[in-house]
2 protein chains.
Amino acid sequence: MEHKEISKAVIQRLPRYYRYLEDLMDQGIERISSGDLSRRMHLTASQIRQDLNNFGGFGQQGYGYNVFNLHEEIAKILKIDQVHSMIIVGAGHLGLALSNYTNFRKRGFDIKGVFDNNPKVIGQEAGGVKVSPMSEMKDIVEKNHIRLAALCIPKDAAVKIVDDLISYGVRGFWNFAHVDLEVPEHVVVENVHLSESLMRLSYRVFEEQ
Amino acid sequence: MEHKEISKAVIQRLPRYYRYLEDLMDQGIERISSGDLSRRMHLTASQIRQDLNNFGGFGQQGYGYNVFNLHEEIAKILKIDQVHSMIIVGAGHLGLALSNYTNFRKRGFDIKGVFDNNPKVIGQEAGGVKVSPMSEMKDIVEKNHIRLAALCIPKDAAVKIVDDLISYGVRGFWNFAHVDLEVPEHVVVENVHLSESLMRLSYRVFEEQ
DNA sequence: TAGATTGTTAATCGATTAACAATC
DNA sequence: TAGATTGTTAATCGATTAACAATC
């Protein structure tokens with residue numbers, strides 16, 4: 001197998017490499033050395049080479065890396081070379097914002113449903129998807145073999161719904177609720193805790209004063 | 001001074017401690033030991049004690065930590081024991097979602113303005129604040145001595161506006177645009193790159209398959 | 001070929017964990 | 001006082017950086 005247990009720090013950086021490679025392609029740049037890329041990204045050339053070599057030797061001595069090729073390889077590593085169906089649970093402002101965000105579709109994340117219990121929002125359109133009642137969630141998740149769910153609901157609701165979603169087949173949660181979800185080992189949670197991010201900003205801006 | 005250069009990893013964890021302490025207070029728990037907290041948070045007691053001791057000895061041998069007191073101390077460390085004025089640049093779905101998010105106000109982040117150039121949204125209400133044209137930004141930032149700005153605009157617009165905002169007095173950016181902002185040393189950027197987070201989820205869910 | 005740059009091993013640095021004396 | 005638990009030093013672990021032989 002290609003993996004020998006990749007560290008969290010490396011995975012954290014991969015999407016950023018991917019973004020820089022995209023920018024390079026937009027600029028029509030066809031090849032890049034680890035040294036050149038390191039200067040643009042403000043990290044060391046060593047780190048870039050170490051990171052990439054976790055997955056294979058994508059470069060060539062004396063030449064560097066082919067931008068298009070490396071971009072494609074990272075897409076494969078991140079499994080975004082394939083389409084993933086997902087649902088959004090909660091059609092509040094944040095859920096609707098995610099649903100309307102076209103970039104996700106561009107990256108191969110196909111939103112198959114947005115769910116809410118509030119009659120006021122059910123039937124409303126959000127980025128090409130109609131908001132459905134929660135009662136239809138099981139059916140849609142199972143019929144479409146959906147593995148990813150974004151949770152844009154309050155923390156109590158999130159904790160309550162997780163086990164159901166897992167039993168329907170969900171294997172990864174994109175969690176925007178302010179709570180740490182307890183899930184079995186084969187299920188993954190990626191947290192986006194916005195208030196915590198804002199607190200870190202506060203610390204960093206005001207710590208010296 | 002109280003600081004001896006705190007590591008990023010520690011700052012990353014502080015808001016999470018804060019959240020757990022809040023939950024403990026809600027549950028009416030008055031004291032907690034590092035061991036007990038470590039089991040709840042799935043980390044080691046050593047790490048908790050090391051982290052907290054960067055800022056002072058908040059505990060007591062044989063007793064543990066007073067929940068209310070520690071909660072208050074962390075608020076002070078994070079500088080969220082005071083009110084911070086901020087603005088939101090961009091009144092798209094995401095900007096409006098942030099503006100409507102009442103938790104930020106609860107934490108002492110006071111949204112003084114939401115700005116956009118789109119005539120369709122100007123004048124619209126978002127979480128108690130009216131959307132204003134960008135032309136009014138300078139005035140509002142300077143009059144209110146605003147130091148924090150959330151950037152919910154496309155990457156090109158974000159890159160363009162940063163220097164202006166710094167010249168008005170902004171010292172911290174909460175950046176939702178898919179770009180790394182180049183800022184002087186006295187200015188801080190906290191990134192929330194949602195697509196990158198979603199890619200990491202994709203990797204972690206599908207890597208083995 | 002000579003120059004450039006990778007892939008990879010070794011050295012360094014920093015963060016986490018363990019251990020325990022201090023002390024409430 | 002005895003038991004519990006901190007604060008803090010030392011040991012371990014892991015991640016980053018440096019160095020350089022391999023090679024395009």
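Note on naming: letters A, B, ... go to the chains in the order of the sequence lines (proteins, then strands), and numbering restarts at 1 for each one. Every heavy atom of this structure was used, including side-chain atoms; hydrogens, water molecules and symmetry mates were not.
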Check for me whether B:R31 meets the cation-pi criterion with B:Y65, that is, NZ or CZ under 6.0 Å from the six-membered ring centre and within 45 degrees of the ring axis. no

Within the pair A:R13 and D:dT16, is there a side-chain N or O less than 4.0 Å away from OP1 or OP2? yes

Is the phosphate of C:dG7 approached by A:Y65 (side-chain N or O, under 4.0 Å from OP1 or OP2)? yes

Taking the side chain of [X] as its heavy atoms from C-beta onward, which of [options] lies nearest to it?
X	options	value
B:S46	C:dT5, C:dC24, C:dA19	C:dA19
B:N53	C:dT17, D:dA18, D:dG7	D:dG7
A:Q61	D:dA18, D:dC24, C:dA19	D:dC24
B:S34	D:dT6, C:dA19, C:dT6	D:dT6
B:Q47	C:dT5, C:dC24, C:dT16	C:dT16

Nearest whole Å is fine: how far is [N] [atom2] from [X] [atom1]?
X	N	atom1	atom2	result
A:E5	D:dA15	CD	P	10 Å
A:Q60	C:dA4	CD	P	16 Å
A:L70	C:dT6	CG	C1'	13 Å
A:R49	D:dC20	CZ	P	13 Å
A:R31	C:dT5	CZ	P	7 Å
B:L37	D:dT6	CG	C1'	14 Å
B:D51	C:dT16	CG	P	7 Å
A:I48	C:dT6	CD1	P	9 Å

Classify the ring geometry of A:H84 against B:F206: parallel below 30°, tilted from 30° to 60°, perpendicular beyond 60°. parallel

Partner of D:dT9 under the Watson-Crick or G-U wobble criteria, both distances under 3.5 Å, comes out as C:dA18

Across every strand shown, the nucleotide meeting Watson-Crick or G-U wobble geometry with C:dT23 (both distances under 3.5 Å) is D:dA4

What's B:T44 touching, base or sugar-phosphate or nothing? Going by heavy atoms closer than 4.0 Å. sugar-phosphate

With ring pair (Phe, Tyr, Trp, His ring centres under 6.0 Å) as the test, pick out the partner of B:H71 among B:Y17, B:F58, B:Y18. B:Y18

Under the 3.5 Å rule, do the base of D:dT8 and the side chain of B:Q50 count as making a donor-acceptor pair? no

Examine the base of D:dA15 for any acceptor or donor lying under 3.5 Å from a partner atom in the side chain of A:S7, and report the outcome as yes or no. no

Go through the side-chain N and O atoms of A:Y20 and B:D180 and say whether any donor and acceptor fall under 3.5 Å apart. yes

On DNA chain D, more 5' by nearest nucleotide between A:G62 and B:G59 is B:G59

Around A:E136, counting heavy atoms of other residues, nucleotides and ligands shown, do more than 12 lie under 6.0 Å from its CD? yes

Is it the case that atom OH in A:Y63 sees more than 12 heavy atoms from other parts of the structure closer than 6.0 Å? yes

